[in-house]
Amino acid sequence: MTRVFNFSAGPSTLPVPVLEQVREELLDWRGTGMSVMEMSHRDKPFMSIATEAEADLREVLSIPANYKVLFMQGGATGQFAAVPLNLLNGKSGDYIVNGAWGVKAVKECAKWGQANTAAKPATFNQVPARETWTLDPNAAYVHYTPNETIEGVEFHSIPDVGSVPLVADFSSSFLSRPLDVSKFGVIYAGAQKNAGPAGITFVIIREDLLGTCNPLAPSIFDYKAVADNDSMLNTPSTFSWYVSGLVTKWIKSEGGLAVIGERNRRKSSLIYDYIDSEPFYTNPVARADRSWMNVVWTLADSTLDAEFVKGAAAAGMPGLKGHRIVGGLRASIYNAMPEAGCAALVDYMKEFVRTRG
Ligand SMILES: *Cc1c(COP(=O)(O)O)cnc(C)c1O
């Protein structure tokens with residue numbers, strides 16, 4: 001068996017110890033004689049998996065007691081609708097847009113109510129300066145995307161938006177470093193970037209924001225209904241819930257989010273430092289706003305992009321093609337990407353310049 005260094009943006013690489021445990025438990029989960037995939041979500045074995053996954057997530061993120069944790073479906077894209085459906089309550093929503101996912105969130109909100117674009121730079125290669133934001137103090141919430149996965153732009157601090165609830169699409173940087181959850185009204189994230197396999201969506205919501213859902217919203221998107229039913233209003237994505245729970249345990253065993261965050265900073269610096277030292281490669285993002293999770297770059301000669309990607313895949317490093325809307329190259333280096341993977345990528349980049357640059 002050979003494992004590659006998988007730089008895919010999502011679904012993406014998972015920690016090997018997690019995959020090994022899944023394999024170990026696949027046919028018979030702890031003496032039940034069945035796989036987690038085959039269990040009723042209402043029976044004790046799965047209930048224990050679900051409860052433990054929530055407790056571990058609460059522990060690693062230090063989630064305050066006045067927040068609910070929901071395990072939903074429909075991905076972050078579902079949340080683009082669920083957020084306005086639950087929170088607008090006749091008001092408008094402010095959106096800070098600094099990339100393609102933020103653009104989509106605005107569009108979805110506009111179907112259900114008023115979406116105000118409170119900041120949107122002409123090019124998506126920096127976080128818009130806080131003093132340029134035109135926030136409405138009466139907005140139902142301020143929505144932003146802490147890490148724009150496609151452009152490789154990340155907020156490295158939490159913006160101050162006063163008393164208006166802050167809502168964040170953390171899909172591509174969830175669990176990548178310590179986070180002060182108390183600064184947020186709602187945090188949501190699809191699991192498949194940094195926290196597990198596709199199929200489960202984490203929603204962390206301050207309790208006082210529950211109970212204002214649009215009555216025409218589908219029940220499965222009503223935060224209060226989901227919370228009241230312990231995320232089992234309908235059949236949850238049981239297998240993803242289980243595997244993402246193992247990923248959270250893996251984070252604990254690695255030393256928690258402080259250790260993981262420091263490692264992520266180092267991993268991204270390794271690649272950025274090399275890009276900055278080599279004129280053949282360019283990263284277009286303002287230095288202070290470069291993502292720790294998704295490193296993007298261009299080649300001095302873009303006709304070599306396909307050859308770069310193909311050669312990397314042949315060398316055991318698939319997934320480096322940039323998103324189709326921006327082109328270029330992208331390395332997604334989520335928690336489960338080892339430092340050795342980033343070092344191998346830099347070695348490949350050096351060799352590519354030497355032979356083709
Ligand atoms: C991947 C991604 C999404 C879309 O997630 P789905 O689970 O496919 O709906 C939304 N926002 C961000 C920041 C992402 O990285």
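Counting convention: from 1, in listed order, for ligands and their atoms alike.
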Counting only nitrogen or oxygen atoms and a 3.5 angstrom limit, does Ala76 reach ligand 1?
yes

A student checking ligand 1 against Thr149 at a 4.0 Å heavy-atom cut-off should list atoms 12 (C), 13 (C), 14 (C), 15 (O)

Taking a hydrophobic cluster as the set of Ile, Leu, Val, Met, Phe, Trp and Tyr residues connected by side-chain heavy atoms closer than 4.5 Å, whether directly or through intermediates, do Met37 and Leu14 fall within one such cluster?
yes

How far is atom 11 (N) of ligand 1 from the closest protein heavy atom, and which atom is that?
Asp169 OD2, 2.6 Å

Under 4.0 Å from one or more heavy atoms of Thr145, ligand 1 contributes atoms 13 (C)

Asp136 side-chain N/O to Asn138 backbone N/O, donor-acceptor pair under 3.5 Å
yes

Return the residue, atom name and 0.1 Å-rounded distance of the protein heavy atom closest to atom 8 (O) of ligand 1.
Gln192 NE2, 3.6 Å

Taking 4.0 angstrom as the limit and counting only heavy atoms of Gly75, give me the atoms of ligand 1 inside it, by number and element.
7 (O), 9 (O)

Would you mind running through ligand 1 and noting each atom that sits below 4.0 Å from a heavy atom of Asn147?
13 (C)

When clusters are formed by joining ILVMFWY residues with side-chain heavy atoms under 4.5 Å apart, either directly or through shared neighbours, do Phe202 and Val243 land in the same one?
yes

May I ask you to identify the nearest protein heavy atom to atom 9 (O) of ligand 1, giving residue, atom name and distance to one decimal place in Å?
Thr77 OG1, 2.5 Å

Check ligand 1 against Phe80 and write out every atom of the ligand that is under 4.0 Å from a heavy-atom position of the residue.
10 (C)

Shortest protein heavy-atom distance from atom 2 (C) of ligand 1, along with the residue and atom involved
Lys193 NZ, 2.5 Å

Step through the shown structure and confirm whether more than 12 heavy atoms of other residues, nucleotides or ligands are within 6.0 Å of NZ on Lys252.
yes

Tell me whether the count of non-hydrogen atoms from other residues, nucleotides or ligands lying under 6.0 Å of CZ in Arg42 goes above 12.
yes

For ligand 1, is there an atom lying under 4.0 Å from some heavy atom of Ser171?
yes

Donor-acceptor pair, distance only, cut-off 3.5 Å: does the side chain of Ser291 make one with the backbone of Gly152?
no

Using heavy atoms and a 4.0 Å limit, tell me yes or no: is Ile150 in contact with ligand 1?
no

Is any NZ, NE, NH1 or NH2 atom of the basic residue among Arg58 and Glu54 found under 4.0 Å from an Asp or Glu carboxylate oxygen of the other?
yes

So, does Ser172 use its side chain to make a donor-acceptor pair with the main chain of Asn147 at under 3.5 Å?
yes

